[in-house]
Chemist: 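Please see the structure below; I have some questions.
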Amino acid sequence: MKLSTTRLLAILVKELQQLRRDRLTFGMIVGIPLLQILLFGYAINTDVRHLSAAVADQAGTQLSRQLIADMEATQVIEVIRQVVTAAELKALLDRGEINIGILIPPDFERRLQQQERRAAQLMIDGGDPIILATARSLTNMSFNQRSGSRSNKAAEMFEVRNYYNPERRSSVFVVPGLIGVILTMTMVLFTAVAIVRERERGNLELLINTPVTTAELMIGKIIPYIVIGLIQVSLIMLLGMLLFRVPVNGQILDVYLVSLVFIAANLGLGLVISTVAKNQFQAMQLTFFFFLPSILLSGFMFPFEGMPKAAQYIAELLPLTHFLRLIRGIMLRGVELSQMANDIYALLVFMLLTIGFAILRFKKRLD
Amino acid sequence: MNLDYAIESTGLTRRFGSLTAVDHVNLAIPRKRIFGFLGPNGSGKSTTIRLLCGLLTPSEGSVEVLNYRIPEQAEVLKQKIGYMTQRFSLYEDLTVRVNLEFIAQIYCIEKAQRRARIEEALATYRLEDLVQQLAGTLSGGQRQRLSLAAATLHRPELLLLDEPTSAVDPQTRRDFWDRLFHLVDGGTTILVSTHYMDEAERCHNLAILDHGRIVANGEPETLMQEMDCNVVEVESATPRKIANVLQLAGNIVSVTQLGARQRVLVGKQQGDASGYVQQLLDAAELQAVCHGAPPSLEDVFVTVTRNTHLPGIS
């Protein structure tokens with residue numbers, strides 16, 4: 001395959017000049033990362049704190065007050081009401097005023113001595129699984145306190161150490177992932193509409209009648225967007241560091257290298273969409289068809305390990321899955337690239353397959 | 001293979017499903033001439049042009065363009081032909097100059113020449129004052145000049161123009177045709193499709209297309225002389241009544257009203273055409289003056305396309 005640099009440059013410069021005139025798209029290149037990082041950075045918050053709770057302390061002993069104080073000390077719950085009966089707790093739960101009700105029966109201390117009976121009860125609004133999971137961790141704590149008859153500080157039997165994110169801020173975890181999500185969203189769409197748009201506007205009939213080759217056309221359309229993608233990466237990283245104090249523990253060069261391959265992979269996919277779709281609307285539909293599983297299955301929203309095996313296999317086919325592993329590894333754990341070679345290879349293969357397929361599929365014909 | 005011909009095709013056919021858009025077309029288009037495709041919308045003009053430049057694959061038949069086999073050698077051909085699409089196909093969101101620069105680079109015009117060529121094209125096609133304007137804001141005539149400038153920038157041997165003048169006024173069309181003759185003087189072969197009779201008449205050679213078939217082929221002058229109809233013009237106070245009578249009579253190919261006159265085409269087998277029409281009108285007791293008239297290209301067009309519409313005659 002012969003590549004003429006003159007023709008390649010012609011396509012490349014033309015794309016940039018068209019982009020320069022397209023104010024809205026140009027604005028989105030900066031606007032999307034800005035908006036998303038503010039939105040997700042502040043809103044996605046999986047570290048559950050200050051769940052509202054009510055207590056019905058029917059025992060009223062020093063030990064029961066100690067238990068409540070210990071639970072409050074975790075900051076997971078915040079006691080907003082003191083009531084008397086279990087029915088009152090249930091009513092508060094029903095009305096959604098509290099997430100957790102704590103019932104300490106009058107015979108609390110006697111129950112503590114008996115192995116087979118539970119000493120106290122947690123009433124949980126289990127509708128939200130994250131709250132449920134958090135509350136479960138609370139039951140572990142109270143269970144330990146019950147069995148440890150020698151002291152009320154049995155929870156300290158386990159020392160918990162939190163690596164990588166000592167303050168348990170979810171933005172530290174979310175921002176690197178956000179680089180991947182934003183790139184998936186913008187990059188695929190850019191090239192997905194690139195060729196369809198030329199077809200719709202009638203430019204393609206002229207273009208395929210010139211000596212320009214398919215490879216020149218495809219590569220000429222990819223390169224400008226790689227540059228734009230890297231600008232987006234820089235913007236998100238900068239905002240992440242300034243607003244959320246997200247660390248970059250690994251090599252910054254590795255971040256760019258991994259992003260580069262990931263961007264090219266997404267642009268390649270966009271080109272494939274562009275050769276399949278008949279109009280810009282179809283191109284957008286296909287992009288979203290790909291975008292949703294990327295967000296849901298890649299490990300951005302839910303932990304990868306928690307998904308069913310079948311979903312994990314599908315996720316392995318998505319470039320975002322591999323990119324998230326890489327970018328989190330580099331930014332949060334400071335991993336060397338060589339330790340994560342498999343994910344890099346996966347991205348490279350995806351990139352070559354999509355670009356190759358797009359070049360083979362695109363014909364300089366109208367039939 | 002004949003070096004005197006820019007385009008040669010035999011049995012060129014293209015089907016879209018059950019529709020035959022181009023039906024066994026044989027062409028021999030001489031070099032350094034303007035060759036016209038005349039035909040109504042949907043007659044296969046655009047499809048034929050697309051087949052000739054390799055944009056569509058023929059269902060049947062063979063084509064050689066500038067002695068390259070098409071579609072196999074279409075890529076080599078592309079450097080040597082210029083193509084002007086029916087719809088404006090340059091980038092509306094780029095300026096006139098940027099569009100021309102893009103085309104110059106795509107055809108790999110050498111860097112040293114690029115600037116001079118563009119300046120020359122801007123001057124030739126009177127685009128100098130528009131260089132900074134976005135192509136999308138140009139008028140119909142300006143767009144057409146830009147399209148032609150772009151299609152000829154790389155000095156192609158063959159120029160394919162698909163209804164280039166369908167969106168411009170008569171004066172612009174005249175200027176455009178002057179440019180085409182100028183290009184032919186420079187050695188370019190031009191294939192142009194049109195549905196305007198006056199344009200068709202200006203071509204060196206002409207093929208009339210109807211339903212994907214060539215129904216007449218030759219120099220416009222010859223086509224008019226050899227038309228198998230005679231023309232009779234009928235002047236009267238009651239042109240509609242006359243039309244009603246003549247349309248029912250035998251050997252009348254068509255009746256067309258031009259103001260107060262009726263232009264009547266009578267089959268050549270009828271000896272004295274004007275006397276025959278007069279007879280018919282006398283029999284119907286209608287007052288009219290009949291006299292013969294020289295055939296026009298439109299008469300040829302009506303005659304040859306009518307044949308294919310009437311079963312049994314073609």
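Within every chain, numbering begins at 1; the chains are lettered A, B, ... in the order of the sequence lines, protein sequences first and strands thereafter. Everything quoted here is computed from the prediction, not taken from an experiment.
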Chemist: Heavy-atom cut-off 4.5 Å, strictly under: side chain, backbone, both or neither for Leu77(B) against chain A?
Modeler: neither
Chemist: Counting distance only, does the side-chain N/O of Thr287(A) pair as donor-acceptor with the main-chain N or O of Gln285(A) below 3.5 Å?
Modeler: no
Chemist: Of all of Arg365(A), Arg7(A), Glu216(A), Glu205(A), which one pairs up most often with chain B through heavy atoms under 4.5 Å apart?
Modeler: Glu205(A)
Chemist: Can you tell which part of Leu160(B) gets under 4.5 Å to a heavy atom of chain A, answering side chain, backbone, both or neither?
Modeler: neither
Chemist: Check each atom of Thr6(A) against the heavy atoms of chain B and say whether the ones under 4.5 Å are side chain, backbone, both or neither.
Modeler: both
Chemist: Quiz question: by atom type and distance under 3.5 Å, do the side chains of Thr191(A) and Ser274(A) form a donor-acceptor pair?
Modeler: no
Chemist: Output the option from Lys363(A), Glu200(A), Arg20(A) having the highest count of non-hydrogen pairs under 4.5 Å with chain B.
Modeler: Glu200(A)
Chemist: Taking the six-membered ring of Tyr125(B) (Phe, Tyr or Trp), confirm whether the NZ or CZ of Arg145(B) is under 6.0 Å from its centre and within 45° of its axis.
Modeler: no
Chemist: Verify, without hydrogens or angle tests, whether Thr275(A) (side chain) and Val272(A) (backbone) share a donor-acceptor contact under 3.5 angstrom.
Modeler: yes
Chemist: Counting heavy-atom pairs closer than 4.5 Å to chain B, which one of Leu9(A), Ile11(A), Val13(A), Leu8(A) comes out on top?
Modeler: Ile11(A)
Chemist: Between Asp23(B) and Thr20(B), does any side-chain donor sit less than 3.5 Å from a side-chain acceptor?
Modeler: no
Chemist: Tell me which of these, Thr57(B), Thr95(B), Ile81(B), has more heavy-atom pairs under 4.5 Å with chain A than the rest.
Modeler: Thr57(B)
Chemist: Please identify, among Met84(B), Arg14(B), Gln79(B), Arg50(B), the residue contributing the most non-hydrogen atom pairs under 4.5 Å to chain A.
Modeler: Arg50(B)
Chemist: Check each atom of Leu204(A) against the heavy atoms of chain B and say whether the ones under 4.5 Å are side chain, backbone, both or neither.
Modeler: neither
Chemist: Go through the atoms of Glu198(A) and report whether side chain, backbone, both or neither lie under 4.5 Å from a heavy atom of chain B.
Modeler: side chain
Chemist: Between Tyr91(B), Phe102(B), Tyr83(B), Tyr107(B), which shows the greatest number of heavy-atom pairs under 4.5 Å with chain A?
Modeler: Tyr91(B)
Chemist: Can you tell which part of Phe16(B) gets under 4.5 Å to a heavy atom of chain A, answering side chain, backbone, both or neither?
Modeler: neither
Chemist: Given Thr188(B), which partner from the list Ile34(B), Leu183(B), Leu158(B), Leu180(B) fulfils the side chain to side chain contact (heavy atoms under 4.5 Å, CB included) test?
Modeler: Leu183(B)
Chemist: Show every donor-acceptor pair shorter than 3.5 Å between a side-chain atom in residues 223-236 of chain A and any protein atom, with sequence neighbours excluded, or say none if there are none.
Modeler:
| residue | atom | partner | partner atom | Å |
| --- | --- | --- | --- | --- |
| Tyr225(A) | OH | Glu15(A) | OE1 | 3.2 |
| Gln232(A) | OE1 | Thr186(A) | OG1 | 3.0 |
| Gln232(A) | NE2 | Ile29(A) | O | 2.9 |
| Ser234(A) | OG | Leu230(A) | O | 2.9 |
| Ser234(A) | OG | Tyr256(A) | OH | 2.6 |

Chemist: Report which part of Arg201(A) has an atom under 4.5 Å of a heavy atom belonging to chain B: side chain, backbone, both, or neither.
Modeler: both
Chemist: Any chance the side chains of Asp162(B) and Ser193(B) put a donor and an acceptor closer than 3.5 Å?
Modeler: yes
Chemist: Under a 3.5 Å cutoff, is there a donor and acceptor pairing between the side chains of Ser46(B) and Gln86(B)?
Modeler: yes
